[in-house]
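Not measured: the values here are computed from a predicted model. In what follows, every chain begins at residue 1, and chains take the letters A, B, ... in the order their sequences are listed.
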2 protein chains.
Amino acid sequence: MPVTIRDVARASGVHISTVSRTFSAPHLVNPETRVRVLACAEDLGYRPNRAARALITGRTHNIGLIIADIANPFFPPLIKAAEGQARHRDYHIFVADTNEDPMAEEELVHALAKQVDGVLLCSPRMSNSLIEQLSREVPLVVINRQVTGLPCVVMDVGQGARSAIEHLVGLGHTAIGLLSGPRGSWTSREIRRAAGAAARAGGAELTVLGPNPPTEHGGLALAEHVQRSGVTAVLAYNDLMAIGLIEGLDALGVRVPQDVSVVGIDDIALSRLTRPKLTTVATPTAAAGRTAVDMLLQQDTDAPRGPRGVGRGTAVGARRTTAQVMLQTELVIRDSTGPASGAGSPGAARVGPDPHRPADPGRPRAATGGAVAS
Amino acid sequence: MPVTIRDVARASGVHISTVSRTFSAPHLVNPETRVRVLACAEDLGYRPNRAARALITGRTHNIGLIIADIANPFFPPLIKAAEGQARHRDYHIFVADTNEDPMAEEELVHALAKQVDGVLLCSPRMSNSLIEQLSREVPLVVINRQVTGLPCVVMDVGQGARSAIEHLVGLGHTAIGLLSGPRGSWTSREIRRAAGAAARAGGAELTVLGPNPPTEHGGLALAEHVQRSGVTAVLAYNDLMAIGLIEGLDALGVRVPQDVSVVGIDDIALSRLTRPKLTTVATPTAAAGRTAVDMLLQQDTDAPRGPRGVGRGTAVGARRTTAQVMLQTELVIRDSTGPASGAGSPGAARVGPDPHRPADPGRPRAATGGAVAS
DNA sequence: ATGAAAGCGCTAACAC
DNA sequence: GTGTTAGCGCTTTCAT
């Protein structure tokens, strides 16, 4: 039923190898022949079978993308960007969801390995050593984690957390809570480290609560804990948790930001829609997706021309250069943070019809990270 | 580098076909041999090359999933469910995003056709006839659209819209606006049709505004229009638009639900987090994803044993039975709808610390659709 | 510039 | 129960 290279060959009166060349090395075929073949292919509706091609070239033109949780709004923009970039380069993306399960991650890498030219490992929860091991099976690009020796793209959440803490300290907060993320998260460790240092530098005390599931519920469940802990400000692992926490505090009658300030991380679309609008550290997720695809593809196209043209030179020291890209983050100050304690006038705040603040006056930026490559 | 079936054969001292059988028809091989082969395969790290297998079996064990916009929070749960169900059945999912572009849809079907055993076409914007045509190239299951002759899974948005309108009419609204969705959306047409009928039946007037992009911005942009139109209630094509509209109205000083009631459709996670919490028609998106995968796979496994065992019987009338599944929807009443006009006491509503309603008292359900097959 | 032939990794008759 | 053989659709030497 499906039309193959042979049908096209027959129709255009050439050998199949000529048809093949027409598609994979057009310059090697006579322009006239090429046109004729192309025409036949066109109206037979011929499409090269990529699987068959892959069998011999070793290139599937597929990329695997392993995600902790597609339903977490942090990821879709990243997926979308990766998919777009990949398609733009004539690649397709396999998406797999691990449900935050480290076991699933490993299994999925194995399952995908043969079908793809490389895998984008997003926010992995497994160990570094396992990642390294897997990278010997299939080219890997790690997102949201630094693994030495492997290409990575991370957001500078350290800088982001620092800015957030400085922002809170600047508002007079001296007892700050940190809702950490899931166990195994590089990002969570980074945040904790940076936040701890920044708090110390600012003379504030940091109370770490966690680890927690990186979900709205994870935040919500901590509301009472936060209330009892006596902190006046909280930095959450991500926006979802921050939003959940605000919900939870609200239910306890604790007002944000009057009683407690809350800062999130990610700047998902949602954070502009909740009330109060969330102060958060914006992470460039789309850029991360695009960059990761580019890095993988570059690595991919570099590979084949490795030991070629090299006479009997030194033992091919040209190990692939594995870049580590760090993307900038930016603190976006909205309405969920305010001066510490007594400053607000309880009861008067947020009354009915028009509690409209200057409404997001052009995204005041506060800090940035830097770009680094190694 | 990669270990093939031949390596395993050599290691276990059998012919490659035995190894092959061990994986694709274990019952045909001597238990002892099987164990030995499996052991060798195990510690050589052998994984069957699915592409090579597909070349001969015609089954790739891949499914294509074409989505209008991954970043639209309506879709991730569907993707996640589909992916999970697929993996559970040992299939992988290719995800592609069309950016709401009908052209991209067609191209993507073509691009995926050879790589997958079937395609899930989600919320297609292209024409029915084109869909039918494409279905001759690759098995299709259509989601969120009814196409006669093709397997479909749709949500009963008609029933949902009806319930929504009845709810509004019951609250005394007689001038109701409908924010329609994107051109080419089956769902949008269904909603419009059902909402129109329900409004007529309830003695209310329905003003249709659209088509519109199915995004937050699409709703936000309509705020002024809604305000001027004089309607006291609005049903939006989806939650995103409803939320955008509320934002927009809020900016104009129009209060929801005191001045205008707003109902969304979908019940995305977000709609529980905005203020006011959104009254909306819940659609079972995860179920839709799972069901679609099941339908595709069933069709897929049915296909091969078609003209087999049939003596010289009648001309194989056994055309595949294409089911059309309709999933129930449910009106979830929250805080964005209220009595028409004068009923609310402006200014007193929603004051500071504790404007807590009975907080979602167990999801009052109001209506359901039915399940149908053809 | 084009044809011939080998073979990618695997499965599927068909023998034995 | 297992080995033999042919070939899926395609690319890629190697001749011509």
Among D/dC8, C/dT11, C/dC8, which nucleotide sits nearest the side chain of A/R6? D/dC8
Given atom CG of B/L28 and atom C1' of D/dG1, what is their separation to the nearest angstrom? 9 Å
Whole-Å distance separating the CD1 atom of A/I16 from the P atom of D/dT12: 13 Å
May I ask you to test the A/L112-A/V138 pair for a side-chain heavy-atom distance under 4.5 Å? no
Going by an N to O cut-off under 4.0 Å, is there a salt bridge joining B/E100 and B/R125? yes
Gap between atoms CD1 and P, on B/I56 and C/dG7 respectively (whole Å): 18 Å
Within the structure shown, what part of the strands sits under 4.0 Å from B/V14 by heavy-atom distance: base, sugar-phosphate, or nothing? sugar-phosphate
With side chains defined as the heavy atoms from C-beta onward, is the minimum distance between B/F94 and A/E83 less than 4.5 Å? no
Write down the distance between CD (A/Q115) and P (C/dC10), rounded to a whole number of angstrom. 12 Å
At under 4.0 Å between heavy atoms, what does A/Y46 touch on the DNA or RNA strands: base, sugar-phosphate, or nothing? sugar-phosphate
Side chain to side chain contact (heavy atoms under 4.5 Å, CB included) with A/V142: which of A/L120, A/V154, A/L150, A/V119? A/L150
At 4.0 Å (heavy atoms only), tell me whether A/T4 reaches a base, stays on the sugar-phosphate, or touches nothing. sugar-phosphate
Protein-nucleotide distance (B/R53, atom CZ; D/dG9, atom P), rounded to Å: 18 Å
With DNA chain D as reference, determine whether A/A51 or B/H15 sits nearer its 5' end, using the nearest nucleotide of each. B/H15
Closest to the A/S17 side chain, choosing from C/dA4, C/dC10, C/dT11: C/dA4
With a 4.0 Å limit, can you tell me whether A/T33 has a side-chain N or O closer than that to the phosphate oxygens OP1/OP2 of C/dT2? yes
Considering only side-chain heavy atoms of B/N30, which listed nucleotide, D/dT11, D/dG1, D/dC8, is closest? D/dG1
Calculate the interatomic distance between B/R10 atom CZ and D/dG3 atom P; express it in whole Å. 14 Å
Do B/R47 and C/dG9 share a donor-acceptor pair, side chain to base, under 3.5 Å? no
For A/R36 and C/dA1, what is the distance between atoms CZ and C1' respectively, to the nearest whole Å? 12 Å
A/R21 side chain: which of D/dT13, C/dA13, D/dG1 is closest? D/dT13
Any luck finding a side-chain donor-acceptor pair between A/R53 and A/H61 under 3.5 Å? no
Would you tell me if any nitrogen or oxygen in the side chain of A/T18 comes within less than 4.0 Å of OP1 or OP2 on C/dG3? yes
Between C/dT2 (P) and A/R34 (CZ): distance, integer Å: 10 Å
